[in-house]
Amino acid sequence: MSIRTPQKYIYYALQLYSSGLSLRKTSQRLFPIIKRNHVSIWNWILSYKPHKILQKKKKVMEFIIDETLLKVSNEYVWLWVAIEPIDKIILGIRISVERSMLIAERFIHELSTTYGKQSVSTDGGAWYPQACKFLKLEHHLHSTFEKGIIERTIQYIKDRTESFDDYFPCRKYNCKLEHVMNWLNLFVYMHNKMIVESMVK
């Protein structure tokens, strides 16, 4: 008979993992209060689905957007990330198997629906100006500041997602990558939560 883990310990484990600890080190940190192995922690990560990444009332000045390749098992997918320039909060994420104007347009449209129409800052990839023109949004190239904060954010995410391939490669046939999005949603939720909490202290 399996013993259900209290929610407060699951939440604590998610905090530890999202702040930089590996799965095994998270398990070791939990050991004094509850014994759970790294597989259990990984299952918590996969099953955790926050309903909201950020409240819609967040005032946004612009969307700083970029995309990068993310490795999942032996395949690569595109990771799209949008942040805002003041608090560096992640406004949205998306993964796709290809990179195109249509996908860029859908991603930016979702951001506009949630946060209102804002100007869009990108690295100048050909798919962005076309998408912004279709959505009737102002588009401009990253400033040095904007380029720096979006690149740091993406590199931080990539550093934390290496465990997908190193520990739990995907073996599902025709996988829909739901487990990847679950992890990314968790990461974004915890990342933004820590930023918001630090601002109110």
Side-chain angles (χ1 to χ4, degrees), residues 5-34 36 38-68 70-72 79-95 107 110-111 114-116 118 121 142 145-168 177-201:
T5 304
Q7 191 66 33
K8 61 181 180 180
Y9 297 138
I10 295 177
Y11 185 69
Y12 180 50
L14 297 179
Q15 286 184 311
L16 291 173
Y17 181 72
S18 295
S19 61
L21 293 183
S22 68
L23 293 168
R24 295 181 188 278
K25 287 190 178 297
T26 298
S27 175
Q28 292 170 7
R29 186 69 64 87
L30 284 176
F31 187 80
I33 54 177
I34 191 169
R36 294 293 185 272
H38 66 284
V39 177
S40 296
I41 295 169
W42 178 252
N43 288 332
W44 297 342
I45 291 168
L46 297 188
S47 63
Y48 186 77
K49 299 178 181 179
H51 296 292
K52 294 182 179 180
I53 287 179
L54 197 63
Q55 293 293 331
K56 292 185 178 181
K57 294 180 181 180
K58 169 68 180 175
K59 187 175 181 180
V60 176
M61 296 179 59
E62 69 172 338
F63 304 135
I64 304 176
I65 302 175
D66 203 356
E67 82 290 336
T68 188
L70 184 69
K71 188 175 183 182
V72 181
L79 169 67
W80 305 74
V81 181
I83 65 173
E84 56 87 31
I86 304 302
D87 303 318
K88 289 79 171 179
I89 284 175
I90 298 175
L91 300 173
I93 51 173
R94 172 184 278 264
I95 55 175
F107 183 49
E110 289 174 359
L111 294 169
T114 304
Y115 304 105
Q118 309 294 340
S121 169
H142 291 322
F145 169 75
E146 292 166 338
K147 181 179 179 180
I149 59 175
I150 188 65
E151 287 184 348
R152 285 194 296 272
T153 301
I154 285 181
Q155 188 57 53
Y156 181 50
I157 297 173
K158 292 184 74 171
D159 288 344
R160 298 302 298 131
T161 56
E162 289 178 356
S163 60
F164 284 139
D165 187 55
D166 295 342
Y167 295 103
F168 294 90
L177 300 177
E178 291 181 2
H179 60 299
V180 180
M181 277 307 303
N182 287 348
W183 188 94
L184 289 169
N185 283 330
L186 164 66
F187 175 89
V188 170
Y189 175 82
M190 299 301 294
H191 171 81
N192 289 345
K193 186 174 185 295
M194 287 187 286
I195 290 178
V196 172
E197 288 178 349
S198 68
M199 290 190 296
V200 298
K201 288 182 180 179

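As the structure is a computational prediction, the values presented were derived from the model and not from experiment. Below, each value reflects all heavy atoms present in this structure, side chains not excepted, and no hydrogens, waters or symmetry copies.
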* Sequence neighbours left out, what passes side chain to side chain donor-acceptor pair (under 3.5 Å) with Glu62? Give chain and number order. =>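 Only His140 meet the side chain to side chain donor-acceptor pair (under 3.5 Å) criterion with Glu62.
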Roughly how far, to the nearest 0.5 Å, is the [atom2] atom of [Y] from the [atom1] atom of [X]?
X: His38; Y: Leu30; atom1: NE2; atom2: CG; answer: 13.5 Å
X: Met190; Y: Asn192; atom1: CE; atom2: CG; answer: 10.5 Å
X: Asn185; Y: Ile45; atom1: CG; atom2: CD1; answer: 13.0 Å
X: Asn43; Y: Arg36; atom1: CG; atom2: CZ; answer: 12.0 Å

* Going by the side-chain contact (heavy atoms from CB on, under 4.5 Å) test, name the single residue among Leu79, Val81, Ile157 that passes it with Thr68. => Leu79
* Applying the side-chain contact (heavy atoms from CB on, under 4.5 Å) test to Leu91, which of Leu111, Thr114, Ile83 qualifies? -> Leu111
* Asked: Is there a donor-acceptor pair under 3.5 Å between the side chain of Asp87 and the backbone N or O of Val196?
  ->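 Here the side-chain-to-backbone pair does not exist.
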* Is a donor on one side and an acceptor on the other found under 3.5 Å between the side chain of Tyr9 and the backbone of Ile34? -> no
Can you confirm whether [X] sits close enough to [Y] that some side-chain heavy atom of one is under 4.5 Å from a side-chain heavy atom of the other?
X: Tyr12; Y: Ile33; value: yes
X: Met181; Y: Ile93; value: yes
X: Trp44; Y: Thr5; value: yes

Nearest atoms (heavy-atom pairs only) where [X] meets [Y]:
X: Glu84; Y: Ile64; result: C-CD1, 4.5 Å
X: Ile65; Y: Ala82; result: CG1-CB, 3.8 Å
X: Trp42; Y: Leu23; result: CE3-CD1, 3.8 Å
X: His142; Y: Ile150; result: NE2-CG2, 4.0 Å

* **From CA spacing to verdict: ring-ring contact (aromatic ring centres under 6.0 Å, His included), Phe63, Phe107** => CA-CA 11 Å; Phe63 304 135; Phe107 183 49; 8.8 Å; no
